[in-house]
Amino acid sequence: MDNKNTSSNFIRDIVIEDLKSSKVKEVVTRFPPEPNGYLHIGHAKAIVLNFELADEFGGRTNLRFDDTNPTKEDTEYIESIKEDVAWLGFKWDGLYFASDYFEEMYNRAVLLIKKNKAYVCDLSPEEIREYRGTLTQPGKESPYRNRSVEENLELFERMRRGEFKDGEKVLRAKIDMASPNMNMRDPVLYRICHASHHNTGDKWCIYPMYDFAHPIEDAIEGVTHSICTLEFEDHRPLYDWVIKECEMECQPQQIEFARLNLTNTVMSKRKLKQLVDAGFVDGWDDPRMPTISGLRRRGYTPEAIRKFCREIGVAKTNSTVDHRLLEHFIREDLIDKTPRTMAVLRPIKVVITNYPEDKEEIFEVDYNLDAPEMGKRPVPFSRELYIDRDDFMENPPKKYFRLYPGNEVRLKDAYIIKCNEVIKDDKGNVVELRCTYDPETRSGTGFTKRRVKGTIHWVSARHAVPAEFRLYEPLINDDAEGDSENFLEQVNPNSMEVLQGFMEPSMKDARPMDRFQLIRIGYFIVDNKYTTDEKIVLNRIVALRSSFKVKK
RNA sequence: UGGGGCGUAGCCAAGCGGUAAGGCACGGGACUUUGACUCCCGCAUGCGUAGGUUCGAAUCCUGCCGCCCCAGCCA
């Protein structure tokens with residue numbers, strides 16, 4: 001894979017220490033998504049961490065679906081998650097489902113009951129909440145807490161047999177209702193849920209809770225380092241309790257790190273879903289979405305995402321990474337991988353008045369001067385051309401190197417032209433520029449008699465191929481992601497701009513997902529959803545950096 | 001005002017008692033047939049804050065301040 005410049009982080013330090021002290025003999029990690037949504041860049045951080053950590057020390061990483069809640073999960077997500085992890089470039093060792101372990105979990109729950117460490121509770125959900133107490137007040141014990149082992153055993157079995165309705169009973173751990181850690185106040189281990197499971201069908205009507213299931217899953221798989229996000233820190237005592245009381249042979253250790261936040265976007269499933277449902281975006285794979293599928297359609301590469309994930313580091317500090325760091329890595333990755341071609345997004349016609357009407361030249365131009373092995377393509381030149389409106393100003397400010405009346409610019413890989421006349425319509429809009437070219441200045445002839453400050457891109461009008469260009473801006477306006485319910489107010493209404501322009505003829509056979517650097521404009525990818533045989537649609541992956549700041 | 005965490009530059013982040021890495025961003029310059037790329041240079045007398053220990057503290061101790069998480073039969 002690509003060069004890994006694994007930087008130090010506290011989890012890696014722990015692993016190194018555990019190996020050194022022989023606490024563990026090998027490193028086993030896992031990526032444990034719940035199949036209830038699409039993966040996003042935040043998941044990528046966890047994926048890269050888990051897979052590369054194990055990989056660095058010759059260990060293993062499992063992909064395990066944490067499917068303990070049939071009401072929220074769906075098999076549709078399983079495929080998309082597998083696809084995304086694979087696309088990111090990782091091969092899992094084992095592919096598992098928490099639901100594969102349901103029988104084992106049930107047996108461990110029975111063990112807990114026999115040890116008098118768990119009991120069946122008849123309190124309603126509301127009552128359980130009331131009995132739990134508050135952050136500052138201890139809870140009180142359930143009246144069902146002291147049922148006999150025999151009665152608990154029988155009740156739990158009847159729960160499994162389906163003799164009770166949803167919510168009628170739960171299995172709870174018997175820990176400490178006065179614990180300052182809310183998670184230890186007799187947490188629910190199993191709930192009744194008469195729902196069909198994507199994997200186990202109707203075999204079960206009781207399902208284990210995360211806090212009970214997760215440590216057992218890890219232990220069964222021999223996971224040594226169970227890496228999760230910060231909000232589970234409070235759950236660690238319970239995680240350890242389950243491992244110990246269920247008498248698991250393997251004792252994984254849970255380590256928490258801060259999840260990724262990015263500026264100008266949102267990462268929560270809920271908010272992402274809101275964007276989709278409200279129609280602000282075109283679906284989970286809209287190129288503006290921070291989902292893996294969105295980034296893929298946008299044109300990001302797995303390499304760029306991986307490098308980004310390494311660079312941001314792993315720590316416990318809540319942080320929000322500047323989205324421009326992600327942009328940095330896609331530019332860096334694409335610079336020597338993409339052919340460089342020309343397209344005009346906002347066309348304005350240029351007529352070369354001293355160029356014969358029936359004449360036409362074909363220039364053979366390198367696809368990428370920095371990667372000559374990409375070869376050359378023919379670029380036709382003729383009397384009428386298109387250039388970008390941004391490259392002409394009738395009344396330019398100082399330091400404007402582009403075209404204006406009386407000024408000369410070089411047409412990239414062609415001639416130097418001079419603007420002589422500006423044609424306007426009735427309303428005063430510039431509709432055409434009349435220029436003359438200097439035949440002596442043709443590219444490749446070694447002409448050095450005079451230099452011009454500006455070089456602009458162009459397309460021969462006669463040969464131009466119409467295309468649609470989609471330019472993107474951040475989904476969320478500048479100020480930090482608010483917590484408000486109406487975060488939709490922060491959505492950038494101008495996050496997509498659609499332009500009808502022209503591209504050079506060499507691009508006419510481009511296929512979906514082909515990438516280009518459109519010279520002076522940015523990196524683009526052929527959209528795989530809206531491109532048809534008739535028309536190519538290009539998404540701008542990222543603009544080129546620019547130090548040009550002159551305002552019109 | 002219970003418990004668990006976290007505070008190093010605009011944004012990430014290394015640092016683990018010996019005198020503040022690196023990246024992004026930003027500013028300046030060189031080069032340039034992409035105002036791109038590349039290359040130089042600059043960018044924390046300072047590590048939330050106040051004390052203390054020490055020859056020496058971002059690192060150790062104490063107090064304070066700020067921010068995040070926890071009261072699902074979600075994960």
Side-chain angles (χ1 to χ4, degrees), chain A residues 5 7-9 13 32-34 36 66-69 71-73 121 123-125 128-130 132-139 166-172 178-185 187-193 206-207 209-211 213-214 228-237 256 258 260 263 269 308 310-329 331-332 335-336 340 342 369-370 399-402 409-414 416 441 443-444 447 451-457 517-522 543-550:
Chain A
N5 197 2
S7 62
S8 160
N9 70 63
D13 292 344
E34 182 185 17
N36 71 342
D66 211 356
D67 55 352
T68 57
N69 185 352
T71 63
K72 292 194 172 175
E73 295 148 10
C121 182
L123 255 24
S124 70
I128 287 184
R129 189 182 339 117
E130 285 159 19
R132 187 151 36 218
T134 68
L135 295 178
T136 50
Q137 291 165 227
D166 288 6
E168 216 175 311
K169 285 180 167 44
V170 290
L171 182 73
R172 290 227 255 169
S179 172
N181 182 342
M182 301 294 285
N183 296 297
M184 300 300 268
R185 319 242 261 227
V188 173
L189 266 23
Y190 266 92
R191 76 282 214 180
I192 297 170
C193 178
I206 56 173
Y207 292 93
M209 298 290 290
Y210 168 86
D211 284 320
H214 208 87
C228 64
T229 44
L230 248 29
E231 67 270 26
F232 291 103
E233 247 170 338
D234 286 344
H235 296 238
R236 193 170 56 223
E256 313 84 12
L260 169 66
T263 58
K269 262 177 208 168
F308 169 78
R310 291 180 199 125
E311 186 60 34
I312 57 178
V314 178
K316 299 189 72 158
T317 318
N318 284 314
S319 60
T320 302
V321 176
D322 193 329
H323 72 277
R324 289 175 298 184
L325 184 59
L326 221 204
E327 297 185 339
H328 162 77
F329 283 105
R331 287 193 190 100
E332 178 190 88
I335 187 163
D336 55 8
R340 301 170 182 176
M342 295 193 285
L369 225 34
D370 297 326
K399 293 280 194 73
Y400 187 81
F401 304 151
R402 283 113 94 144
V409 295
R410 171 166 293 279
L411 293 176
K412 173 83 176 156
D413 298 315
I416 288 176
T441 61
S443 283
F447 174 84
R451 323 207 96 189
V452 290
K453 277 282 190 43
T455 297
I456 65 174
H457 55 95
Q517 181 198 118
L518 295 184
I519 288 169
R520 298 211 308 136
I521 307 175
L544 257 29
R545 274 173 25 128
S546 173
S547 58
F548 177 63
K549 290 186 257 2
V550 179

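All figures in this text were calculated on a predicted structure; none of them were measured in a lab.
Judged purely by atom type and a 3.5 angstrom limit, Arg340(A) has no side-chain atom pairing as donor or acceptor with the backbone of Leu369(A). Although no hydrogens or angles enter the test, the distance criterion places no donor-acceptor pair under 3.5 Å between the side chain of Arg191(A) and the main chain of Asp166(A). At least one donor-acceptor pair under 3.5 Å links the side chain of Ser179(A) to the backbone N or O of Asn181(A). The backbone N or O of Lys72(A) sits nowhere less than 3.5 Å from a side-chain atom of Asn36(A) that would complete a donor-acceptor pair.
At the heavy-atom level, Leu326(A) lies nowhere under 4.0 Å from the strands shown. Residue contacts for Asp66(A): at a heavy-atom cut-off of 4.0 Å it reaches the sugar-phosphate backbone alone, with no base atom in range. At the heavy-atom level, Val409(A) lies nowhere under 4.0 Å from the strands shown. Met342(A) comes within 4.0 angstrom of no nucleic acid atom, judged by non-hydrogen atoms across all strands. No engagement by Tyr190(A) is indicated, since no non-hydrogen atom pair under 4.0 Å with the nucleic acid exists. Within the 4.0 angstrom heavy-atom criterion, no nucleotide atom of any strand lies near Glu327(A). Heavy atoms of Arg410(A) sit under 4.0 angstrom from at least one base atom. Across all strands shown, Thr68(A) has heavy atoms under 4.0 Å from sugar-phosphate atoms exclusively, and none from any base. If you check every strand for non-hydrogen atoms under 4.0 Å, Ser443(A) touches a base.
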Along nucleotides 2-7 of chain B, 5' to 3', which nucleotides get a B, which get an S, and which get a -, given that the test is a protein heavy-atom distance under 4.0 Å? BBSSSS
For nucleotides 22-31 of chain B, give me one character per nucleotide, 5' to 3': B if any protein heavy atom sits under 4.0 Å from the base, S if the only such contacts are to the sugar-phosphate, - if neither. BSSS------
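Of the candidates rG35(B), rC12(B), rC74(B), the closest approach to any side-chain atom of Tyr400(A) belongs to rG35(B). Side-chain atoms of Asp13(A) lie closest to rC16(B) of the nucleotides rG35(B), rU33(B), rC16(B). Closest contact between the side chain of Val321(A) and the listed nucleotides rC73(B), rG35(B), rC12(B) involves rC12(B). Distances from the side chain of Arg340(A) to the nucleotides rA36(B), rC12(B), rC73(B) place rA36(B) closest. Each of rA14(B), rU34(B), rC74(B) was ranked by its minimum atom distance to the side chain of Thr455(A); first place goes to rU34(B).
Here the closest heavy-atom approach between residue Leu518(A) and residue Met342(A) is recorded as CD2-C, 4.5 Å. Among all heavy-atom pairs drawn from Thr134(A) and Met182(A), the shortest one is O-SD, 3.7 Å. Here the shortest heavy-atom pairing between Arg185(A) and Gln137(A) reads NH2-O, 2.8 Å. The two residues Val409(A) and Phe401(A) make their nearest non-hydrogen contact at CG1-O, 3.6 Å.
Taking side-chain N and O atoms only, Ser124(A) has no distance below 4.0 Å to OP1 or OP2 of rC73(B). Ser547(A) has a side-chain polar atom (N or O) that falls below the 4.0 Å cut-off from OP1 or OP2 of rA36(B).
With Phe548(A) as the aromatic partner, Arg520(A) does not meet the cation-pi criteria of under 6.0 angstrom to the ring centre and within 45 degrees of the ring axis.
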If you apply the rule side-chain contact (heavy atoms from CB on, under 4.5 Å), what do you find for Met209(A) with Val170(A), and how did you get there? CA-CA 10 Å; Met209(A) 298 290 290; Val170(A) 290; over 6 Å; no
Between Lys169(A) and Ile206(A), does the side-chain contact (heavy atoms from CB on, under 4.5 Å) criterion hold? Intermediate values first, please. CA-CA 10 Å; Lys169(A) 285 180 167 44; Ile206(A) 56 173; over 6 Å; no
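Not a single donor-acceptor pair, N or O on each side, falls under 3.5 Å between the base of rU34(B) and the side chain of Arg520(A). Side-chain atoms of Arg451(A) and base atoms of rU33(B) include no donor and acceptor less than 3.5 Å apart.
Look at the C1' atom in both rU53(B) and rG63(B): the space between them is 15 Å, to the nearest Å. Across the C1' atoms, rC40(B) and rC31(B) are found 11 Å apart, a figure rounded to whole Å. Here, rC16(B) and rA75(B) have their P atoms 41 Å apart, quoted to the whole Å.
In this structure, the CG atom of Asn183(A) is 8 Å from the P atom of rA71(B), given to the nearest Å. The NZ atom of Lys412(A) sits 14 Å away from the P atom of rC37(B) (whole-angstrom rounding). One interatomic measurement links the two molecules: CD of Glu73(A) to C1' of rA75(B), which rounds to 9 Å at whole-angstrom precision. Atom C1' of nucleotide rC74(B) and atom CZ of Arg129(A) are separated by 14 Å, given to the nearest angstrom. The separation between Phe447(A) atom CZ and rU33(B) atom C1' is 12 Å, rounded to whole Å. If you take NE2 of His235(A) and C1' of rC74(B), they are 10 Å apart, rounded to a whole angstrom. Look at CD1 on Ile128(A): it is 15 Å from C1' on rC74(B), rounded to the nearest Å. Atom C1' of nucleotide rU38(B) and atom CG of Asp370(A) are separated by 9 Å, given to the nearest angstrom.
Nucleotide rG72(B) is shown with a syn base, its glycosidic torsion being within 90° of 0.
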With pairs defined as Watson-Crick or G-U wobble and both distances under 3.5 angstrom, please note down RNA chain B as a dot-bracket string, | for pairing with another strand. .(((((((.[[[..)..(...]]].(((((.......))))).....[[[[[..)....]]]]])))))).....
